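Just so we're clear, the structure is a prediction, and the values are computed from it rather than from any experiment.
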Amino acid sequence: FAARDADAVGPTCLLVIDPEADTDAPLYMHVAAKGACDADGAFTGWRGLVRDISREAVSAINAELVEQQLSDTIESIPYGVAVFDPDDKLIFINNQSREVFPELHDKLVPGTAFADLIRANFERGVQATDPRDHETLIHKRLTMHRRGYGTREIELANGRWVELSEHVTSDGGTVISWSDITPNKRREQALASLLSSDDAVAEEGNLQPTIERAVKALVAAFDCRWVG
């Protein structure tokens, strides 16, 4: 067999041994060694312990592969996802989240505390709020987070709408997801505006204006184009 990283052998090291047969798996050996010398100080060899940790090493490698596959899967979904540990520190966030909240780009990194993220959200104007209300809003948002935020719709300062959901994991962490619902909200607003318009009231003895407004409302709701 051939040993990889043989020159790294020292007081402690990981030695990976390639088998001669292609069908066999490599061996992972943990080596703890100390050089030995004779009475004259001449080096006589190594003395120490060698432990086979192949099972642990393979399990760790497989876990890393699963984690990478999970990360790739989350990156491919069309909405934002962030995961916080039980101490409310960010441990994972996908690129969709950074696209939705570009103002928070430097905060959307592992290790950021949830409270710091919420503070930056208000102080950087992600939502259109009065600066005089920031401390009250931050306190309210953190309280909602601790009590169970659930699912809510939020309007951003740039006119976009997002639906944000928080779910507590079995270990006490939090998974937060958000999706851009701007097209849906605009259709809802167009529909409400048309139906509540004073012009939607039918002229006396003539239902045509009412019917026309109703048709236009349906056109707006289903994102079609009105011709007429």
Side-chain angles (χ1 to χ4, degrees), residues 70-169 172-198 200 213 216-226:
L70 178 60
S71 176
D72 292 343
T73 299
I74 295 177
E75 285 291 358
S76 69
I77 59 179
Y79 50 85
V81 176
V83 182
F84 291 82
D85 66 15
D87 295 324
D88 259 353
K89 295 294 181 64
L90 183 63
I91 58 176
F92 176 83
I93 190 162
N94 66 350
N95 287 324
Q96 288 285 347
S97 303
R98 297 183 177 92
E99 293 175 4
V100 175
F101 302 105
E103 304 92 339
L104 304 177
H105 184 80
D106 62 313
K107 293 291 184 180
L108 299 178
V109 294
T112 299
F114 181 83
D116 293 340
L117 194 57
I118 294 302
R119 177 170 294 278
N121 169 73
F122 288 108
E123 292 182 347
R124 298 184 184 183
V126 178
Q127 293 177 251
T129 55
D130 188 332
R132 294 172 296 183
D133 297 332
H134 283 174
E135 291 302 323
T136 299
L137 292 171
I138 291 170
H139 176 75
K140 180 180 179 180
R141 179 65 179 86
L142 294 177
T143 299
M144 294 169 65
H145 173 66
R146 288 190 292 268
R147 294 179 179 177
Y149 186 80
T151 301
R152 300 173 187 271
E153 295 179 351
I154 300 174
E155 183 178 13
L156 306 183
N158 60 12
R160 299 175 72 176
W161 283 81
V162 295
E163 183 178 76
L164 190 150
S165 299
E166 286 190 19
H167 301 282
V168 179
T169 62
T174 307
V175 176
I176 302 178
S177 63
W178 42 76
S179 57
D180 189 342
I181 59 171
T182 305
N184 292 340
K185 293 299 293 185
R186 288 176 178 169
R187 285 195 290 269
E188 291 177 7
Q189 291 168 350
L191 179 61
S193 176
L194 285 169
L195 292 179
S196 63
S197 173
D198 292 338
R213 287 291 191 272
K216 287 184 177 180
L218 290 173
V219 168
F222 288 98
D223 201 22
C224 298
R225 186 165 61 93
W226 170 260

State which residue, out of Asn184, Thr182, Ile154, Leu156, fulfils the side chain to side chain contact (heavy atoms under 4.5 Å, CB included) condition with Trp161.
Thr182

Using a strict threshold of under 4.0 Å (side-chain N to carboxylate O), is an ion pair present between Lys89 and Asp87?
no

For a side chain to side chain contact (heavy atoms under 4.5 Å, CB included) check, start with the C-alpha distance between Lys185 and Glu155, then their side-chain angles and the critical distance, and finish with the verdict.
CA-CA 10 Å; Lys185 293 299 293 185; Glu155 183 178 13; over 6 Å; no

Minimum heavy-atom distance Phe84-Leu90, with the two atoms named:
CD2-N, 3.5 Å

Looking at Thr174 and His167, would you say the former's side chain and the latter's main chain have a donor-acceptor pair under 3.5 Å?
no

Aromatic plane relationship, His134 with Phe122 - under 30° parallel, 30 to 60° tilted, over 60° perpendicular
tilted

Grab the two heavy atoms, one from Gly159 and one from Arg186, that are nearest each other, plus how far apart they are.
O-NH2, 4.2 Å

Short question: side chain of Ser177, backbone of Val81 - any donor-acceptor pair under 3.5 Å?
no

Check whether Arg160 reaches the backbone of Asp180 with its side chain - one donor and one acceptor, N or O, closer than 3.5 Å.
no

Starting from the C-alpha separation in whole Å, work towards a yes-or-no answer on side chain to side chain contact (heavy atoms under 4.5 Å, CB included) for Leu108 and Leu117.
CA-CA 8 Å; Leu108 299 178; Leu117 194 57; 3.6 Å; yes

For the residue pair Ala128 and Ala157, what are the closest heavy atoms and their distance?
N-CB, 3.8 Å

So the side-chain hydrogen bond (donor to acceptor under 3.5 Å, both in side chains) pairs with at least one residue in residues 110-124 (sequence neighbours excluded) are Asp106-Arg124, Arg119-Glu123, Arg119-Glu135, Asn121-Gln127

Of Tyr79, Phe101, Tyr149, the one forming a ring pair (Phe, Tyr, Trp, His ring centres under 6.0 Å) with Trp178 is Phe101

I would like to know whether Asn94 and Ser97 meet side chain to side chain contact (heavy atoms under 4.5 Å, CB included); could you show each step before the answer?
CA-CA 6 Å; Asn94 66 350; Ser97 303; 2.8 Å; yes

Pairs involving residues 137-150, ordered by first then second residue, that meet salt bridge (charged side-chain N to carboxylate O under 4.0 Å, His left out) (sequence neighbours left out)
Arg141-Glu166

